[in-house]
Number of protein chains: 2
Amino acid sequence: MSGSEIRRTMPLFPIGIVMQLTDLTARQIRYYEEHQLISPARTEGNRRMFSLNDIDLLLEIKDLIDQGVNLAGIKQLFAVKEKEVVTEEMEKEAKKVRRELSDDELRRILRAEMMQAGRFNRSSLRQGDMSRFFKS
Amino acid sequence: MSGSEIRRTMPLFPIGIVMQLTDLTARQIRYYEEHQLISPARTEGNRRMFSLNDIDLLLEIKDLIDQGVNLAGIKQLFAVKEKEVVTEEMEKEAKKVRRELSDDELRRILRAEMMQAGRFNRSSLRQGDMSRFFKS
DNA sequence: AAAATCATGTAATATAACCTAACATCTGTT
DNA sequence: AACAGATGTTAGGTTATATTACATGATTTT
């Protein structure tokens, strides 16, 4: 969290740069947002700011569009992938928890969590793809 | 060199983002440019666009400023560092050349070059030779 | 075939972000 | 006190992006 680490979820790029990086038009990018394939952050002044992850998504969208998939299809694909990621995370977390907690502690906590009936926050475990973009 | 690779020298960030990333004010950033500590690219519309390298430089500048070094000092430090980089590259290149050429080839080439030394304009020859030391 | 839908283009208008330049302020040095 | 270095502030101008509405070509549905 110190000053200069660039996270892949950090909103860094204005739409103009994203256009260059992805070869999409502003119209397309906004359209994909409108249809909830991406959700870039906004500045105070309401400008969209895109993260490296957003750019990754846009590149995937572009690929799929080029392959003839329509937006609804892309949305489904993303949903599946998201689910995969989430279950991976849950498994990882479960493993960790099993390592750290005894069984009855676990039962106690699970009960408490069910009472609370909240949804979990999906944190960002979405790394890897982008490393190929950095050349040195 | 395909569309979407992100190089460290690629101009990506507008000044607003650089402010956040470096904790410098726009005034400071422009001032450092004015004094040639950085030279960010410009868009068609004359906006500054900064690369990851630029940001690194700005962070170094900030560190040095915080340590009490003034801009003249920073400029000197950067010059020294640049010189180091260049000599490193020259050494690397020299090593490569030595690997690639046998001794007598080397002697032959040297002799040929000395014969020609007077005839053509030396400085431009030397410049041509140097060009391969710079990576862009 | 006509109508509807999808993906994108284009135009109009508003405003946020950036530009340069000038002047102001603070601090440390001569 | 006067000066130079570094930064803040303000003003007026330009560029990039925002939203909205309408247009268009390609598919899909009726």
Side-chain angles (χ1 to χ4, degrees), chain A residues 3 10-55 57-79, chain B residues 3-4 10-52 54-55 57-79:
Chain A
M10 204 174 196
L12 293 175
F13 307 101
I15 201 168
I17 291 296
V18 177
M19 291 171 62
Q20 293 174 218
L21 252 30
T22 61
D23 255 313
L24 295 166
T25 66
R27 183 71 174 84
Q28 284 176 298
I29 296 168
R30 297 188 188 116
Y31 189 66
Y32 300 152
E33 182 192 19
E34 195 176 329
H35 290 270
Q36 319 188 36
L37 296 179
I38 53 173
S39 29
R42 298 289 183 131
T43 66
E44 267 189 28
N46 199 35
R47 269 97 198 286
R48 275 165 265 253
M49 294 297 299
F50 300 79
S51 68
L52 288 167
N53 276 344
D54 289 328
I55 290 173
L57 282 179
L58 285 171
L59 290 171
E60 291 182 47
I61 292 171
K62 202 194 163 198
D63 267 16
L64 292 169
I65 290 274
D66 288 348
Q67 290 168 34
V69 183
N70 67 9
L71 294 204
I74 295 175
K75 201 181 286 191
Q76 291 306 311
L77 286 169
F78 281 8
Chain B
S4 61
M10 204 173 194
L12 293 175
F13 307 101
I15 200 169
I17 291 296
V18 177
M19 292 172 62
Q20 292 175 218
L21 253 28
T22 61
D23 256 312
L24 295 165
T25 66
R27 183 69 174 87
Q28 286 176 295
I29 295 168
R30 295 187 189 119
Y31 188 67
Y32 302 152
E33 181 192 19
E34 195 177 331
H35 290 269
Q36 320 189 33
L37 296 179
I38 52 173
S39 30
R42 298 287 184 131
T43 66
E44 268 189 26
N46 199 35
R47 269 101 195 285
R48 274 166 266 254
M49 295 297 300
F50 300 79
S51 68
L52 288 167
D54 290 327
I55 290 174
L57 280 178
L58 285 170
L59 289 171
E60 291 182 47
I61 292 171
K62 203 194 164 197
D63 267 17
L64 291 168
I65 290 274
D66 287 349
Q67 291 168 34
V69 183
N70 66 8
L71 293 205
I74 295 174
K75 204 182 286 193
Q76 293 305 313
L77 286 169
F78 281 8

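Note: hydrogens, waters and symmetry copies are ignored here, and every other heavy atom, side chains too, is used. Labels below follow one simple rule: chain letters A, B, ... track the order of the sequence lines, proteins then strands, and each chain is numbered from 1.
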Please test B:Gln28 against B:Lys62 for side-chain contact (heavy atoms from CB on, under 4.5 Å), starting from the C-alpha separation and ending with a verdict.
-> CA-CA 10 Å; B:Gln28 286 176 295; B:Lys62 203 194 164 197; over 6 Å; no
5′-ward residue of the pair B:Thr25/B:Glu44 relative to DNA chain D = B:Thr25
Phosphate contact (C:dA17 OP1 or OP2) by B:Arg47 side-chain N/O below 4.0 Å | no
Interatomic distance where CD1 belongs to B:Ile29 and P belongs to C:dT20 [whole Å] = 13 Å
pair B:Ile17-A:Met49: side-chain heavy atoms closer than 4.5 Å = yes
When rounded to whole Å, the CZ to C1' distance for the pair A:Arg42 and C:dA17 reads 15 Å
Donor-acceptor pair, side chain of B:Asp66 and main chain of B:Asp63, under 3.5 angstrom | no
Starting from P on C:dA7, measure out to NZ on A:Lys75 and report it in whole angstrom.
-> 10 Å
Option from B:Leu77, B:Asn70, B:Leu71, B:Leu37 for which side chain to side chain contact (heavy atoms under 4.5 Å, CB included) with B:Leu64 holds = B:Leu77
Measure the distance from CD1 on A:Ile15 to C1' on C:dA17 and round it to the nearest whole Å.
-> 15 Å
Round to a whole Å and report the spacing from CE of A:Met49 to P of D:dA16.
-> 15 Å
D:dT15 phosphate, OP1 or OP2, under 4.0 Å from B:Thr43 side-chain N/O = no
Rounded to the nearest angstrom, tell me the gap between atom OH in A:Tyr32 and atom C1' in C:dT8.
-> 8 Å
With nearest nucleotides of DNA chain C determined for A:Tyr31 and A:Gly45 from heavy-atom distances, which residue corresponds to the more 5′ nucleotide?
-> A:Tyr31
Quick one: is C:dC19 close enough that its OP1 or OP2 comes under 4.0 Å of any side-chain N or O from B:Arg30?
-> yes
Does A:Asn46 place a side-chain N or O at less than 4.0 Å from the phosphate oxygens OP1/OP2 of D:dT17?
-> no
D:dT17 OP1/OP2 closer than 4.0 Å to side-chain N/O of A:Arg27 = no
Starting at CZ of B:Phe13 and ending at P of C:dA17, how long is that distance when rounded to a whole Å?
-> 18 Å
Check the distance between C:dG28's P and B:Ile65's CD1 and give it to me in whole angstrom.
-> 14 Å
Is the closest side-chain heavy-atom distance between B:Glu33 and B:Pro40 below 4.5 Å?
-> yes
Could you tell me whether A:Arg48 contacts a base, only the sugar-phosphate backbone, or nothing, with contacts defined as non-hydrogen atoms closer than 4.0 Å?
-> sugar-phosphate
Whichever of B:Leu71 and A:Pro14 has its nearest DNA chain D nucleotide further upstream toward 5' = B:Leu71
